[in-house]
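Next up is a structure, given as structure tokens.
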Amino acid sequence: MSFPLLTATAALPALGAVATAAVPAARRAAAKWLALLVSLATLALAAIVLVRFDPGGSRYQLTESHSWIKDFGVRYELGVDGIGVALVALTALLIPFVILAGWHDADPQETGNTRWRPTQGFFALILAVEAMVIISFEATDVFLFYIFFEAMLIPMYFLIGGFGDKAHEHGDEVAATQRSYAAVKFLLYNLVGGLIMLAAVIGLYVVAGNFSLQEIVQARANGSLHMATNTERWLFLGFFFAFAVKAPLWPLHTWLPNAMGEATAPVAVLITAVVDKVGTFAMLRFCLQLFPEASKWATPAILVLALISIVYGALVAVGQRDIKRLVAYASISHFGFIILGIFAMTSQGQSGATLYMVNHGISTAALMLVAGFLISRRGSRLIADYGGVQKVAPVLAGTFLVGSLATLSLPGLAPFVSEFLVLVGTFTRYPAVGIVATFGIVLAALYTLVLYQRTMTGPVKAEVAEMPDLRVRELLVVAPLIALLIFLGVYPKPVTDIVNPAVQQTMSDVHKKDPQPEVEAAK
């Protein structure tokens with residue numbers, strides 16, 4: 001029996017979470033180092049998964065399958081395709097930076113908690129989220145996926161509600177109230193989506209007789225499983241609704257600005273760069289593969305919602321006074337691009353969407369973590385409270401500028417390639433939709449450059465005159481992310497080579513081919 005590499009990749013952070021939580025109260029530093037070492041070990045396992053994955057091989061690789069709940073046909077089935085392996089690697093890559101960035105965020109003097117062990121709890125919860133997200137990217141049994149899709153809400157709820165940002169303009173009491181509100185809103189929105197999905201999961205079992213993604217897709221392909229048109233559409237909507245909440249897609253997005261605004265910067269990165277990717281990933285893996293005809297039926301409506309997300313998110317970001325809420329609304333716009341690429345039903349669009357998930361994770365992590373370092377120094381999230389930072393903290397300002405330019409998809413940085421592919425893939429099939437989507441790029445330039453101008457340039461405000469520049473630990477967080485943004489902006493081939501075969505197989509599942517360009521015959 002071969003070594004269960006995928007199980008180990010998810011089990012290690014889960015065991016690390018238990019061990020971190022069990023560290024004695026007085027050993028806070030030990031809990032931090034243990035969490036960091038576990039995250040680095042998980043990254044090493046993810047790297048092995050990435051190396052062992054063969055883009056030219058079978059669709060799902062490193063597979064594991066064991067009977068779990070035999071009477072209901074539930075199996076413990078894992079496997080990664082090119083899309084899944086890229087997102088497992090992204091998750092494992094970002095968690096060490098999240099832990100390093102939040103090194104002091106859960107100390108008792110920061111949280112105000114002295115009766116329980118906030119440091120141990122904070123880092124244990126981060127590792128628990130990592131474990132659940134990784135196994136969600138690996139699960140090929142629908143019921144197994146659903147369990148962890150929902151279970152990750154619990155540690156995220158406590159991370160948002162219990163370890164919020166102290167930089168609040170209305171004081172600690174109001175901050176605690178708004179933190180609780182944001183955590184409850186996050187939980188309720190996602191629970192409602194999950195309950196609707198549960199009904200669809202049960203319906204899928206009634207129709208198919210099992211929960212195995214591969215078996216159901218194969219049965220549909222060879223004609224041994226037939227779904228009535230209305231049945232398929234209802235099941236698709238049940239799955240898609242839950243994924244759209246997680247993604248988040250307009251108008252189910254309203255929990256995200258609250259959650260990111262009230263959470264610490266590392267937890268905000270965990271939300272938008274890691275957890276939310278499960279929603280868009282699941283659209284590709286489950287919606288398109290299980291319900292191909294319903295996916296094509298729903299495409300026009302989903303494209304409209306994606307366009308609204310792109311333009312609405314960017315417009316609202318322009319008017320934000322709060323740095324973290326601006327990044328949150330920018331992420332809503334970016335997720336609109338990802339969903340647009342998925343449902344453009346072209347290989348360029350879906351490759352761009354998958355690449356966008358990876359690049360958005362890196363760029364948002366870079367920008368939000370630098371913003372968190374900035375906010376922790378000044379003690380305010382308001383843009384108006386800054387000015388002239390580049391004169392007193394040039395390295396901080398420089399990294400903030402690169403993160404901002406990546407957010408607006410500047411050529412030469414990683415998000416440009418993915419956004420370009422999404423727009424090309426959309427133009428070839430839906431030119432009008434592609435034209436409207438380009439307005440999101442213009443608005444992105446507006447909100448990111450205005451943000452940089454108002455915080456970093458101009459006269460030095462008295463409150464930031466003594467602001468220190470980035471420290472060594474903070475540079476260790478930011479520098480690798482900036483390097484990745486530049487590397488993948490210049491040379492995205494390592495990622496596209498991995499994801500493209502999986503995209504072609506997904507296109508085959510929905511029976512779609514790329515439109516052929518119209519070429520006029522020579523006269």
Side-chain angles (χ1 to χ4, degrees), residues 6-7 9-11 13-14 17-18 68-69 72-78 84 87-88 91 95 124-162 182-206 208 210-213 216 234-249 252-256 258-259 263 267 270-287 289-291 335:
L6 296 186
T7 293
T9 308
V18 175
W68 183 18
I69 308 175
F72 295 98
V74 180
R75 299 186 62 81
Y76 177 81
E77 284 190 349
L78 304 180
L87 293 175
V88 167
T91 302
I95 297 300
L125 289 169
I126 290 175
L127 290 176
V129 172
E130 179 182 23
M132 294 175 186
V133 170
I134 286 176
I135 204 166
S136 296
F137 291 141
E138 297 173 344
T140 57
D141 182 277
V142 178
F143 191 80
L144 179 67
F145 169 84
Y146 172 77
I147 288 175
F148 290 99
F149 180 82
E150 287 292 275
M152 70 180 69
L153 301 180
I154 299 170
M156 285 306 308
Y157 168 80
F158 287 110
L159 283 169
I160 297 167
V184 170
K185 189 173 184 179
F186 162 82
L187 188 64
L188 289 178
Y189 266 66
N190 284 275
L191 276 179
V192 169
L195 288 173
I196 292 174
M197 180 183 170
L198 177 60
V201 169
I202 295 170
L204 179 66
Y205 175 75
V206 171
N210 65 79
F211 294 105
S212 173
L213 172 68
I216 295 172
W234 280 111
L235 293 178
F236 168 87
L237 291 174
F239 277 77
F240 181 81
F241 183 85
F243 303 152
V245 172
K246 186 86 79 180
L249 178 67
L252 306 171
H253 68 285
T254 59
W255 62 268
L256 182 67
N258 295 101
V267 173
L270 200 61
I271 295 169
T272 190
V274 177
V275 171
D276 287 355
K277 298 298 185 298
V278 178
T280 47
F281 162 80
M283 291 179 188
L284 277 166
R285 171 165 283 190
F286 296 103
C287 286
Q289 291 187 42
L290 292 172
F291 316 110
F335 275 103

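When reading the values below, keep in mind they use all heavy atoms of this one structure, side chains included, and skip hydrogens, waters and symmetry mates.
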- Here the pair of heavy atoms bringing Ala242 nearest to Gly193 is CB-O, 3.1 Å
- Item | Qualifying residues under side chain to side chain contact (heavy atoms under 4.5 Å, CB included), relative to Leu195, sequence neighbours excluded | none
- Apply salt bridge (charged side-chain N to carboxylate O under 4.0 Å, His left out) to Glu138 and list each qualifying residue two or more places apart in sequence or on a separate chain. none
- Are Val133 and Phe148 side-chain neighbours, meaning at least one heavy-atom pair lies under 4.5 Å? no
- Looking at Ile160 and Ala259, what are the two nearest heavy atoms and their distance? CD1-CB, 3.9 Å
- Pick out which of Thr7, Thr140, Asp141 makes a side-chain hydrogen bond (donor to acceptor under 3.5 Å, both in side chains) with Tyr76. Thr7
- Task: Please list, chain by chain and in numerical order, all residues satisfying side-chain hydrogen bond (donor to acceptor under 3.5 Å, both in side chains) with Tyr205, sequence neighbours excluded.
- Result: none
- Query: Which atom names give the shortest non-hydrogen contact between Ala131 and Ala14, and what distance separates them?
  - Reply: CB-N, 3.6 Å
- Item | Derivation and outcome, side-chain contact (heavy atoms from CB on, under 4.5 Å), residues Leu144 and Phe211 | CA-CA 9 Å; Leu144 179 67; Phe211 294 105; over 6 Å; no
- Task: Quick one: list whatever passes side chain to side chain contact (heavy atoms under 4.5 Å, CB included) with Leu188, sequence neighbours left out.
- Result: Val184
- Query: Got a second to check how far Met132's CE is from Met156's CE, nearest 0.5 Å?
  - Reply: 11.5 Å
Could you tabulate the donor-acceptor pairs under 3.5 Å formed by side-chain atoms of residues 270-277, not counting sequence neighbours?
from	atom 1	to	atom 2	distance (Å)
Thr272	OG1	Ser331	OG	3.3
Lys277	NZ	Thr272	O	2.9
Lys277	NZ	His360	ND1	2.8

- Message: According to ring-ring contact (aromatic ring centres under 6.0 Å, His included), who are the partners of Phe186, at least two apart in sequence or on a separate chain?
- Response: Trp255
- Dump the intermediate steps for side-chain contact (heavy atoms from CB on, under 4.5 Å) on Thr91 and Glu130, then the final yes or no. CA-CA 7 Å; Thr91 302; Glu130 179 182 23; 4.2 Å; yes
- Query: What residues, two or more places apart in sequence or in another chain, satisfy side chain to side chain contact (heavy atoms under 4.5 Å, CB included) together with Leu191?
  - Reply: Glu150, Leu153, Leu187
- Item | Pairs satisfying side chain to side chain donor-acceptor pair (under 3.5 Å), at least one member in residues 183-204, at least two apart | Lys185-Asn258, Tyr189-Thr254
- Query: What are the two closest non-hydrogen atoms of Cys287 and Phe239, and how far apart are they?
  - Reply: SG-CB, 4.1 Å
- Report yes if the side chains of Leu204 and Phe291 come closer than 4.5 Å at any heavy-atom pair, otherwise no. yes
- Straight-line distance of Thr280 OG1 to Phe335 CZ, nearest 0.5 Å: 5.5 Å
- Report the residues that fulfil side chain to side chain contact (heavy atoms under 4.5 Å, CB included) with Ile196, sequence neighbours left out, ordered by chain and then residue number. Val192, Phe241
- Hey, could you give me the CG/CG distance between Leu125 and Leu159, rounded to the nearest 0.5 Å? 4.5 Å
- In this structure, are over 12 heavy atoms from other groups packed under 6.0 Å from Trp234 atom CH2? no
- Message: Just to verify, what does Phe149 make a ring-ring contact (aromatic ring centres under 6.0 Å, His included) with, not counting sequence neighbours?
- Response: Phe145, Phe243
- Derivation and outcome, side-chain contact (heavy atoms from CB on, under 4.5 Å), residues Met152 and Lys246: CA-CA 11 Å; Met152 70 180 69; Lys246 186 86 79 180; 4.0 Å; yes
- Task: Classify the ring geometry between Phe236 and Phe240 as parallel (under 30°), tilted (30 to 60°) or perpendicular (over 60°).
- Result: parallel
- Task: Mind checking the CG-CD1 spacing from Asn210 to Ile216? Nearest 0.5 Å is all I need.
- Result: 5.0 Å
- Task: Output the distance between atom CG (Leu235) and atom CD1 (Ile202), rounded to the nearest 0.5 Å.
- Result: 11.0 Å
- Message: Give me the atom names and distance for the closest heavy-atom approach of Ala10 to Ile135.
- Response: CB-CB, 3.9 Å
- Message: Once rounded to the nearest 0.5 Å, what's the spacing between atom CZ of Arg285 and atom CZ of Phe137?
- Response: 9.5 Å
- More than 12 heavy atoms from other groups under 6.0 Å of CZ on Phe143: no
